[in-house]
Amino acid sequence: KGGNTLSICVITGGTTGIGAEARALLQQQGHEVLNIDYKGGDILADLSSKEGRELAIKAVWERYPDGIDILICNAGVGPTAPPKMIFSLNFFACVDLAEGLRPLLKKKRGNCVITSSNSITNMTVRMDWVDMLSNVMDEDRVLEYADTIPRNLTPSCYSSSKHALARWVRRISASWAVDGLRINSVAPGNTTPMTQGMTEAQRDAALLIPIPTRYGTREFLDAKEIANAMVFLASPQASGINGVILFVDGGIDALLRSERF
């Protein structure tokens with residue numbers, strides 16, 4: 001935007017990690033950024049619950065009745081969280097926030113960026129769970145089922161929730177575009193903030209396949225590298241990009257799936 005009409009951006013999970021980097025980058029560019037998070041947010045809300053989402057959506061509508069330019073749905077949990085938390089926060093919260101704030105985006109012909117994961121293509125994805133999430137989309141039934149999932153299967157819950165989210169973005173991108181809106185997703189690889197709580201054995205497992213752009217080191221991607229891609233997708237420079245799952249993983253996906261694109 002030119003002159004004094006800088007963008008109004010709403011981000012979820014902007015307190016730590018990738019979200020914090022994206023928020024800082026947007027603020028450095030002069031945009032107004034509203035952070036929705038359960039701690040340290042401008043709006044405090046537990047997005048894993050329907051009530052928390054309703055509270056957050058209502059607060060954004062009250063604050064920006066004339067519309068918003070950018071929505072970044074970044075809040076989520078990793079593969080060690082309980083199955084119910086993974087499905088509710090990683091999938092249903094993103095869908096509900098995006099749909100709940102879509103009319104505000106439409107007022108300004110804005111766009112949405114969703115945080116997925118590069119695990120959406122790996123062997124832990126359960127396509128029956130992906131179908132349950134993205135085809136049935138009945139949160140109460142899904143969470144009831146999640147109660148029966150053993151804790152050792154949480155990596156499958158994680159990758160399946162993110163796969164369902166990426167599928168949802170692809171599916172609805174054309175209908176959003178008809179309203180003058182863009183919606184895209186970033187699929188990050190392992191970043192330093194995500195790996196802070198890892199044991200040495202977990203770290204070794206995560207580095208079993210070396211990140212091509214970090215070859216010869218024991219480093220993960222920097223959160224800022226993912227934030228840069230998110231901010232680009234949200235910018236006017238990406239005006240021709242819609243319905244894309246952008247892998248920001250240092251080349252891991254291309255290494256493992258070189259024949260797929």
Side-chain angles (χ1 to χ4, degrees), residues 1 7-14 17-23 25-26 29 31 33-36 47 60 67-76 89-121 125 130 133-134 159 161-189 191 221 223-254 257 260-261:
K1 307 261 174 178
S7 295
I8 293 168
C9 314
V10 175
I11 186 169
T12 68
I18 295 168
E21 291 288 352
R23 181 167 60 98
L25 197 53
L26 287 162
Q29 293 178 357
H31 304 300
V33 185
L34 181 82
N35 176 26
I36 302 170
L47 299 178
V60 176
I68 61 175
D69 298 280
I70 296 166
L71 172 63
I72 298 178
C73 293
N74 171 71
L89 190 56
N90 287 7
F91 182 77
F92 290 105
C94 287
V95 171
D96 283 358
L97 262 288
E99 290 295 355
L101 298 178
R102 179 177 168 176
L104 290 180
L105 286 167
K106 189 176 175 181
K107 289 185 180 196
K108 293 196 154 195
R109 294 180 73 83
N111 78 89
C112 180
V113 179
I114 304 262
T115 304
S116 179
S117 164
N118 77 334
S119 69
I120 58 177
T121 60
V125 173
V130 172
L133 288 164
S134 59
S159 58
S161 72
K162 294 293 193 179
H163 188 111
L165 193 58
R167 177 195 267 184
W168 179 78
V169 167
R170 295 278 287 173
R171 280 180 175 175
I172 57 102
S173 60
S175 62
W176 276 52
V178 169
D179 281 343
L181 305 171
R182 294 186 300 110
I183 183 165
N184 293 291
S185 174
V186 291
T191 66
L221 293 174
K224 193 167 185 178
E225 292 177 279
I226 290 109
N228 283 335
M230 293 165 88
V231 171
F232 164 69
L233 283 177
S235 76
Q237 282 75 32
S239 61
I241 302 174
N242 186 47
V244 159
I245 312 302
L246 179 62
F247 285 83
V248 189
D249 63 357
I252 287 277
D253 184 66
R257 302 189 315 136
R260 298 291 299 275
F261 45 84

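As the structure is a computational prediction, the values presented were derived from the model and not from experiment. The chain is numbered in sequence order, starting from 1.
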Audit row: Ser134, Arg171, side-chain contact (heavy atoms from CB on, under 4.5 Å) steps and yes/no: CA-CA 10 Å; Ser134 59; Arg171 280 180 175 175; 4.1 Å; yes
Given side-chain contact (heavy atoms from CB on, under 4.5 Å), test Lys108 with Ile8 step by step and report yes or no. CA-CA 10 Å; Lys108 293 196 154 195; Ile8 293 168; 3.9 Å; yes
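Rounded to the nearest 0.5 angstrom, Asn184 CG and Ser173 OG are separated by 8.0 Å. Between Leu26 atom CG and Ile70 atom CD1 the span is 5.5 Å, to the nearest 0.5 Å. In this structure, CD1 on Ile226 lies 9.0 Å from CG on Asp249, to the nearest 0.5 angstrom. If you take SG on Cys112 and CG on Asn242, they are separated by 10.5 Å, rounding to the nearest 0.5 Å. Distance check, rounded to the nearest 0.5 Å: CZ of Phe91 to SG of Cys73 gives 12.0 Å. Here CG of Leu34 is found 10.5 Å from CG of Leu71. Values are rounded to the nearest 0.5 Å.
Considering every non-hydrogen atom in both Ile245 and Ala187, the closest pair reads CG2-CB, 4.0 Å. Closest of all the heavy-atom pairs between Ile11 and Ala22 is CD1-CB, 4.0 Å. Pairing each heavy atom of Ala166 with each of Ser116, the nearest pair is CB-OG, 4.0 Å.
Contact check for His31 versus Asp69: no side-chain heavy atoms found under the 4.5 Å cut-off. Residues Val186 and Phe232 form no side-chain contact, since every pair of their non-hydrogen atoms from C-beta on lies 4.5 Å or further apart. Between Phe92 and Leu133, some side-chain heavy-atom pair lies under the 4.5 Å cut-off. With contacts defined as side-chain heavy-atom distances shorter than 4.5 Å, the pair Pro188/Thr115 qualifies.
Qualifying side chain to side chain donor-acceptor pair (under 3.5 Å) partners for Arg102, counting only residues two or more places apart in sequence or in other chains: Asp179. Taking Glu99 as the reference, nothing meets the side chain to side chain donor-acceptor pair (under 3.5 Å) condition, with sequence neighbours excluded.
Environment of CZ in Arg109: sparse, with no more than 12 heavy atoms of neighbouring residues, nucleotides or ligands closer than 6.0 Å.
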